[in-house]
Asks: 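Submitted below is the structure of interest, expressed as structure tokens.
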Amino acid sequence: MLKKIFKFFKKIIVSSFVLYSYNLISAPLNLIIPINIFTISTLTLLGLPSLFALIAILLIIY
């Protein structure tokens, strides 16, 4: 049980670093995705393809 909790927190931390690194790379293009509970949980639960979906949503709305 403790391993599953540790693995979940590890996924949360990794997904926040992925989102932060994307924001660092895309800052000159002004395509920043805000780091909040919704984006971190989406990235944690659905994985890396959700980052591409968030980028697509950002481009469609922007």
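Since the model is a prediction, treat every value here as computed from it, not as a measurement. Throughout, residue positions are numbered sequentially from 1 according to the sequence presented.
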Asks: List, by chain and number, the other hydrophobic cluster members for F17, where Ile, Leu, Val, Met, Phe, Trp and Tyr join if side-chain heavy atoms come within less than 4.5 Å, directly or indirectly.
Replies: I13
Asks: Name each donor-acceptor pair under 3.5 Å that joins a side chain in residues 48-62 to protein atoms two or more places apart or in another chain, with its distance.
Replies:
| residue | atom | partner | partner atom | Å |
| --- | --- | --- | --- | --- |
| S50 | OG | T42 | O | 3.4 |
| S50 | OG | G47 | O | 2.5 |

Asks: Test: side chain to side chain donor-acceptor pair (under 3.5 Å). Region: residues 13-29. Which pairs qualify, not counting sequence neighbours?
Replies: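 Residue pairs passing side chain to side chain donor-acceptor pair (under 3.5 Å), neighbours aside: S15-T44.
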Asks: Other members of the hydrophobic cluster containing I25, with the 4.5 Å side-chain heavy-atom rule, please.
Replies: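 Joined to I25, directly or through intermediates: none.
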Asks: Which residue pairs pass the side chain to side chain donor-acceptor pair (under 3.5 Å) test when at least one of the two sits in residues 29-40, sequence neighbours left out?
Replies: N36-T39
Asks: Does I32 sit in a hydrophobic cluster with other residues, and if so which ones, taking ILVMFWY side chains as linked at heavy-atom separations under 4.5 Å, directly or through other members?
Replies: none
Asks: Is there a path from F38 to V18 through hydrophobic residues (I, L, V, M, F, W, Y) whose side chains come within less than 4.5 Å of each other?
Replies: no
Asks: Of I40, V14, L24, which meets side-chain contact (heavy atoms from CB on, under 4.5 Å) against L19?
Replies: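 Testing L19 for a side-chain contact (heavy atoms from CB on, under 4.5 Å) against I40, V14, L24 leaves exactly one candidate, I40.
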